[in-house]
Amino acid sequence: MATFDETLQQIGEFDLFQKQIFFILCLLSAVFCPIYVGIVFLGFVPEFRCRSLGVSELSSRCGWSLEEELNYTVPGLDQSKDSSYTSHCMQYDVDWNRTSLNCTNPLSAFTTDNRSSVPLTDCQDGWIYDTSGSSLVTEFNLVCADAWKLDLFQSVVNIGFFMGSLFMGYIADRFGRKPCLLITIFINAVSGILTAFAPNYTWMVIFRFIQGVVSKGCWLTGYILIAEFVGLIHRKTVGILYQAAFTVGLLVFSAVGYGIQHWRWLQFTVTVPNFFFLLYYWCVPESPRWLISQNREAEAKDIIKQIAKKNRKKLPVGYEMSLKSDEVGENQQPSFMDLIRTPQIRKYTFILMYIWFSCSVLYQGLIMHMGVAGGNIYLDFFVSALVEFPAAFIILLTVERIGRRYPWAVASLVAGVACLIAAFIPNDLYWLKVTLGCVGRMGITLSFEMICLVNAELYPTFIRNIGVMVCSSMCDFGGIITPFLVYRLGEIWHELPLVVFAVIGTTAGGLVFLLPETTGKNLPETINDAENLCRQEVKSKDRKIYLHVKTSDTVCH
């Protein structure tokens with residue numbers, strides 16, 4: 001009996017129909033980046049200091065420059081220990097409105113000793129921010145004692161990702177890819193606009209959390225749809241390019257952020273495109289693979305006819321037989337238990353969960369540990385995004401020639417080893433530490449892109465979306481704990497986080513070898529297909545490749 005993949009070979013595996021679907025769904029990937037990394041611009045922290053009543057009048061009367069004003073009225077600038085906190089969050093507990101203050105040493109009116117004896121207090125009248133724009137920090141004063149609220153703003157996004165992963169995948173597998181896609185697009189758009197106009201911090205966090213719950217489900221559902229519309233020989237390319245669209249989104253976001261330096265208008269601008277995506281109701285059909293798995297042959301048949309017509313191909317004789325699900329019984333209902341019920345799928349699930357976790361910890365952790373080099377934040381963000389493109393090119397060049405597993409494992413091992421070496425490089429060789437950090441970033445980016453590709457290839461159709469969602473939920477868990485790994489362990493030893501990253505990364509690289517190679521294999525349609533992936537013969541005209549894959553069956557246990 002012909003399979004759906006064999007039918008695609010006849011009506012077009014990546015022709016005009018699939019290319020149009022691919023392009024419009026890549027737009028989803030691009031607009032996801034402001035949610036994932038939007039905190040960089042939305043929560044930008046400029047230089048700031050306490051607002052002291054009377055200082056501006058005294059400075060004007062004395063004709064001070066800004067440097068002189070800061071030197072005379074801001075504590076901690078001449079200290080090395082805790083100077084940053086003191087200069088940002090403390091002020092002299094004095095009355096700057098006294099008329100007896102002189103312009104050369106105004107603090108002499110309050111002490112007969114040096115300025116260190118002048119009493120200090122917390123900022124009483126707010127802060128002054130050295131920026132012409134606005135951010136969450138400047139509007140809600142998320143500094144000093146309230147600095148943790150900025151961390152919470154980003155953490156709730158990852159918590160939302162995590163919670164959404166637990167049930168968005170189920171919705172897509174139970175009710176269909178298209179309904180899940182459209183519902184998440186609508187909720188994401190509305191909550192994004194509400195975030196831009198939130199009246200206070202509490203409501204802003206609530207709306208941001210809702211965005212987190214639905215936005216990742218939207219992104220992954222788009223990814224699953226692309227994988228299920230194309231033939232197996234194109235699955236790799238479209239998967240990698242879909243993720244490369246996210247990198248393009250990073251570059252565009254840096255330009256938009258540079259042009260709009262007020263956080264509310266920036267949030268509004270990057271959210272509006274989501275409303276246009278509701279037009280996908282007329283542009284994107286339901287996945288034929290999912291319809292077949294649910295025994296909805298008539299609807300699948302209509303979509304297959306639509307694909308053939310758009311691609312100007314003739315329907316093969318007897319293609320209706322490919323619309324029959326191989327699974328015995330009624331239409332298959334997804335269940336979380338399906339991810340651990342059978343031995344091979346259970347192994348895939350636990351290994352993939354750990355690798356998702358490791359990718360998140362290393363990807364975000366390396367960025368946090370390297371820190372901001374200084375200078376123009378928009379240019380730094382733009383340049384840092386460029387390092388992700390070589391990873392995509394490496395995958396495109398090697399994944400079909402070598403396979404998924406070996407480049408993936410090597411990338412994770414390289415990322416881990418680079419972190420370990422960087423931990424013991426002396427600070428006077430800073431250029432080498434930065435180089436190793438870039439190597440580690442490229443390696444873990446490659447691993448990130450590879451797991452998105454392979455995760456969808458290891459699960460049967462009716463639990464594919466829930467499998468990807470559940471496994472990738474560990475990525476969100478990693479995003480929640482990474483700041484604690486970086487900053488708390490860094491207090492013990494600055495390079496200790498790199499050692500932890502090395503252990504996590506190299507372990508992930510070793511676990512990759514326990515997964516089956518999926519290059520050249522059809523997407524599994526049933527539980528049996530997924531269980532037999534290690535023994536599935538790769539269809540090839542090259543006899544040597546066939547014999548090699550055949551003898552590798554002994555790897556699976």
Those residues that, when tested against Y280, pass ring pair (Phe, Tyr, Trp, His ring centres under 6.0 Å) (two or more places apart): F277
Residues in side chain to side chain donor-acceptor pair (under 3.5 Å) contact with W290, at least two apart in sequence or another chain: none
F186 atom CZ: more than 12 heavy-atom contacts under 6.0 Å: no
Contacts of T506 that satisfy side chain to side chain donor-acceptor pair (under 3.5 Å) - sequence neighbours left out: none
Partners meeting side chain to side chain donor-acceptor pair (under 3.5 Å) with Y459 (sequence neighbours left out): T349
S447: side chain to side chain donor-acceptor pair (under 3.5 Å) partners, not counting sequence neighbours: W408, S412
Residue pairs passing the salt bridge (charged side-chain N to carboxylate O under 4.0 Å, His left out) test where at least one lies in residues 277-291, sequence neighbours excluded: D5-R289, R289-E525
Nearest non-hydrogen partners of A391 and L446, listed with the distance: CB-N, 3.8 Å
Main-chain N/O of Y281 paired to K178 side chain as donor or acceptor, under 3.5 Å: yes
Residues forming a side chain to side chain contact (heavy atoms under 4.5 Å, CB included) with V414, sequence neighbours excluded: V410, V439
Under 3.5 Å donor-acceptor, Q211 side chain and V157 backbone: no
Contacts of K313 that satisfy salt bridge (Lys or Arg N to Asp or Glu O under 4.0 Å) - sequence neighbours left out: D15
Summary of side chain to side chain donor-acceptor pair (under 3.5 Å) pairs that have at least one residue in residues 238-253, sequence neighbours excluded: T247-E388
Check: A189 main-chain N/O paired with N274 side-chain donor or acceptor under 3.5 Å: no
Check: K216 side chain, S472 main-chain N or O, donor-acceptor pair, under 3.5 Å: yes
I210 versus S191, closest heavy-atom pair with distance: CG2-CB, 3.9 Å
Short side-chain to backbone donor-acceptor contact, N158 and I480, under 3.5 Å: no
By salt bridge (Lys or Arg N to Asp or Glu O under 4.0 Å) - contacts of E449 (at least two apart): none
N/O donor-acceptor pair under 3.5 Å between E517 side chain and R404 backbone: yes
Partners passing ring pair (Phe, Tyr, Trp, His ring centres under 6.0 Å) against F23 (at least two apart in sequence or in another chain): none
Salt bridge (Lys or Arg N to Asp or Glu O under 4.0 Å) involving E228 - partner list, sequence neighbours excluded: R177, R464
Sidechain-backbone polar pair: S360 side chain, F357 backbone, donor-acceptor under 3.5 Å: no
Proximity of F17 and F229 rings by center, below 6.0 Å: yes
Shortest non-hydrogen contact from M450 toward P407: CE-CB, 4.1 Å
Side-chain (S358) to main-chain (I504) donor-acceptor, under 3.5 angstrom: no
Reference residue L458; test side-chain contact (heavy atoms from CB on, under 4.5 Å); the match among I351, L515, I345: L515
